[in-house]
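Values reported hereafter were calculated over all heavy atoms of this structure, with side chains retained and with hydrogens, waters and symmetry mates removed. Computed from a prediction, not measured in an experiment: that's the story for all the values here. Along the sequence shown, residues carry numbers from 1.
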Amino acid sequence: MSSWLLRGAVLTAVHVLARVLVGVGVVHQPLHSTLWKTLGLAGVVLVALIWGGIDGIRDARANSDPDDYEDLTVRWLKAGVFAGAVAGVISWVLGSFVFAGIGQASFFVELFAGGSFTALLIFAPAFVGAAIGRFLIRRDQNKGAEDDWSEHDDIPADDTTEVIAR
């Protein structure tokens, strides 16, 4: 199974579970719908952020040179698009035939608008998490290095260097 497909499948399940829990919460406590929606949104964002951070840490540990890093951007973009499309279809089916309180729209609105929002909701936090994870590992790797960028040992200081006076 491709790594993006695994991430997309798990985050599809997380998103659908969050939508169902938000639907149940809103049906049972309609005055607290903002709280339930915020918690559902935060749950999906938190899972993507943490998993992206783990990917960034794992990638930075495997490749000490930033030029050798894996392309996590495309991996998470594919995962987000997959999760958005599949979660939109599943949410529409659940809202139309199983659970009336989930708050679904028409099929095409769920697929395109909801899927795009879900893809962005997964991609952006995962991208930020990967960047933070890579930064933390790079910071730890560079902590012991005593590199002073202002010193240049490879250029010998001799008297043959001409200075042009103006």
Side-chain angles (χ1 to χ4, degrees), residues 1-25 33-92 94 102-105 108-157:
M1 178 180 273
S2 296
S3 61
W4 66 267
L5 189 58
L6 173 67
R7 285 158 180 75
V10 170
L11 285 165
T12 297
V14 168
H15 185 269
V16 170
L17 179 67
R19 288 254 331 238
V20 168
L21 292 176
V22 165
V24 169
S33 66
T34 304
L35 173 69
W36 292 115
K37 291 176 184 178
T38 304
L39 288 175
L41 191 72
V44 175
V45 167
L46 192 62
V47 170
L49 181 72
I50 290 172
W51 202 344
I54 290 170
D55 275 354
I57 289 171
R58 186 178 302 137
D59 187 35
R61 284 184 180 157
N63 304 306
S64 60
D65 185 17
D67 291 336
D68 296 334
Y69 284 167
E70 290 184 40
D71 191 9
L72 298 179
T73 306
V74 173
R75 177 185 298 171
W76 278 103
L77 184 62
K78 287 180 182 179
V81 169
F82 176 81
V86 174
V89 171
I90 291 173
S91 296
W92 180 79
L94 285 175
I102 201 169
Q104 97 286 352
F108 292 109
V109 171
E110 280 290 335
L111 184 63
F112 293 111
S116 299
F117 178 70
T118 303
L120 186 62
L121 195 65
I122 290 170
F123 172 68
F127 183 71
V128 169
I132 291 171
R134 286 175 173 167
F135 171 76
L136 293 174
I137 295 301
R138 257 195 332 259
R139 186 184 66 177
D140 288 343
Q141 289 171 347
N142 293 334
K143 195 176 279 187
E146 292 292 329
D147 287 337
D148 186 5
W149 61 270
S150 64
E151 294 179 10
H152 300 287
D153 294 333
D154 56 342
I155 301 174

Here the pair of heavy atoms bringing L72 nearest to A130 is CD1-CB, 3.9 Å
CG on L49 to CD1 on I132, rounded to 0.5 Å: 6.0 Å
From L121 CG over to L41 CG, what is the distance, rounded to the nearest 0.5 angstrom? 5.0 Å
Minimum heavy-atom distance between A18 and G40, given as atom pair plus value: CB-O, 3.9 Å
Looking only at heavy atoms, the pair that brings W51 and L6 closest together is CH2-O, 4.2 Å
For T73 and F123, work out which heavy atoms get closest and say how close. O-CE1, 3.4 Å
Verify, without hydrogens or angle tests, whether R7 (side chain) and S3 (backbone) share a donor-acceptor contact under 3.5 angstrom. yes
Below 4.5 Å, heavy atoms only, C-beta onward: do K37 and T34 meet side chain to side chain? no
Do you know the tightest heavy-atom contact between E70 and N63? N-ND2, 4.2 Å
Pairs touching residues 116-134 that satisfy salt bridge (Lys or Arg N to Asp or Glu O under 4.0 Å), sequence neighbours left out: D59-R134
Run the numbers on I90 and R19 for side-chain contact (heavy atoms from CB on, under 4.5 Å), then give the verdict. CA-CA 10 Å; I90 291 173; R19 288 254 331 238; over 6 Å; no
Side-chain contact, heavy-atom cut-off 4.5 Å: W92 with L111? no
Is there a side-chain contact between V81 and W4, using heavy atoms and a 4.5 Å cut-off? no
Spacing of F117 atom CZ and I122 atom CD1 [to the nearest 0.5 Å]: 10.5 Å
Partner residues of R138 under the salt bridge (charged side-chain N to carboxylate O under 4.0 Å, His left out) criterion, sequence neighbours left out: none
CG of L120 to CZ of F127: how many Å apart, nearest 0.5 Å? 12.5 Å
